[in-house]
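These numbers come from the heavy atoms of this one structure, side chains and all, not from hydrogens, waters or symmetry mates. Counting from 1, the numbers follow the sequence of the chain as shown.
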Amino acid sequence: QVQLVESGGGLVQDGGSLRLSCTASGRTYSRYTMAWFRQAPGKEREFVAAISWRGFSTSYADSVKGRFTISRDNAKNTVYLQMNSLKPEDTAVYYCAARAALPTTTLQYDYWGQGTQVTVCS
């Protein structure tokens with residue numbers, strides 16, 4: 001069992017930046033892939049970024065490449081999502097997820113956080 005808690009969401013102006021954090025507790029000895037997903041009102045949940053357990057491999061959705069950066073600090077059991085050049089279309093609830101396997105862009109993750117709201121004003 002792994003528990004994930006996101007933080008760092010909020011209201012930001014168009015072009016601004018936010019840094020989301022996700023702290024894991026529970027079976028932190030496992031080599032979990034970590035990822036971020038987001039869901040906007042009226043839309044399906046979509047993949048944003050993923051990072052392998054040691055942080056050497058990352059993957060990003062085309063819509064955020066060059067603007068978002070995923071990273072992790074295993075000593076702190078924390079994964080981050082640095083979001084720069086934010087656009088109104090980035091507005092969504094952002095969810096942290098964990099998976100005891102290789103990274104995937106699908107929703108096939110084992111554990112999910114409660115989500116944190118990101119709102120970008122035009």
Side-chain angles (χ1 to χ4, degrees):
Q1 179 69 30
V2 174
Q3 295 179 328
L4 306 174
V5 179
E6 304 98 331
S7 63
L11 180 66
V12 65
Q13 64 185 16
D14 192 351
S17 298
L18 282 175
R19 185 177 181 85
L20 305 183
S21 298
C22 173
T23 299
S25 62
R27 297 183 181 178
T28 55
Y29 60 85
S30 298
R31 297 177 178 179
Y32 289 111
T33 290
M34 302 294 292
W36 290 94
F37 291 78
R38 66 186 182 186
Q39 186 169 23
K43 297 184 178 180
E44 298 289 329
R45 188 171 298 187
E46 65 177 351
F47 170 79
V48 176
I51 186 167
S52 61
W53 75 277
R54 294 196 67 177
F56 297 141
S57 179
T58 58
S59 181
Y60 297 92
D62 288 342
S63 60
V64 306
K65 286 181 179 178
R67 299 189 298 121
F68 292 10
T69 302
I70 188 170
S71 62
R72 68 191 298 168
D73 185 340
N74 288 342
K76 298 180 179 179
N77 296 321
T78 300
V79 62
Y80 305 95
L81 185 68
Q82 178 65 47
M83 305 184 294
N84 298 326
S85 301
L86 283 162
K87 308 173 182 178
E89 51 263 44
D90 294 317
T91 295
V93 175
Y94 283 71
Y95 297 90
C96 178
R99 172 181 169 89
L102 294 174
T104 178
T105 60
T106 73
L107 295 176
Q108 298 302 308
Y109 280 73
D110 302 303
Y111 305 100
W112 295 84
Q114 81 288 354
T116 185
Q117 177 70 47
V118 172
T119 302
V120 185
C121 299
S122 61

Show your working on side-chain contact (heavy atoms from CB on, under 4.5 Å) between Tyr109 and Thr33 and close with a plain yes or no.
CA-CA 9 Å; Tyr109 280 73; Thr33 290; 3.9 Å; yes
Let's go through Ser71 and Arg19 carefully: what are the C-alpha distance in whole Å and the side-chain angles of both, what is the deciding distance for side-chain contact (heavy atoms from CB on, under 4.5 Å) to 0.1 Å, and is it a yes or a no?
CA-CA 11 Å; Ser71 62; Arg19 185 177 181 85; 4.0 Å; yes
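For residues 51-60, no pair satisfies salt bridge (charged side-chain N to carboxylate O under 4.0 Å, His left out), with sequence neighbours left out. Identified under the disulfide (SG to SG under 2.5 Å) test for residues 50-121, with sequence neighbours left out: Cys22-Cys96.
Within the 4.5 Å cutoff, the side chain of Val64 has no heavy atoms near those of the Met83 side chain.
The hydrophobic cluster around Phe56 extends to none of the other residues, as no ILVMFWY side-chain heavy atom falls under 4.5 Å of it.
Partners of Thr23 under the side-chain hydrogen bond (donor to acceptor under 3.5 Å, both in side chains) rule, at least two apart in sequence or in another chain, are Thr78. Residues satisfying the ring pair (Phe, Tyr, Trp, His ring centres under 6.0 Å) criterion with Phe47, sequence neighbours excluded, are Phe37. With sequence neighbours left out, Pro41 forms a side chain to side chain contact (heavy atoms under 4.5 Å, CB included) with no residue at all. Applying the side-chain hydrogen bond (donor to acceptor under 3.5 Å, both in side chains) test to Thr119 and every residue at least two apart in sequence or in another chain returns Gln117. Every side-chain hydrogen bond (donor to acceptor under 3.5 Å, both in side chains) that Asn84 has, sequence neighbours left out, goes to Ser17, Gln82. Tyr95 pairs by the side-chain hydrogen bond (donor to acceptor under 3.5 Å, both in side chains) definition with nothing, not counting sequence neighbours. Remark: Lys65 pairs with Asp62 by the salt bridge (charged side-chain N to carboxylate O under 4.0 Å, His left out) rule, at least two apart or across chains. With sequence neighbours left out, Arg45 forms a salt bridge (charged side-chain N to carboxylate O under 4.0 Å, His left out) with no residue at all. Contacts of Gln108 classified as side chain to side chain contact (heavy atoms under 4.5 Å, CB included), with partners at least two apart in sequence or in another chain: Arg99, Thr106.
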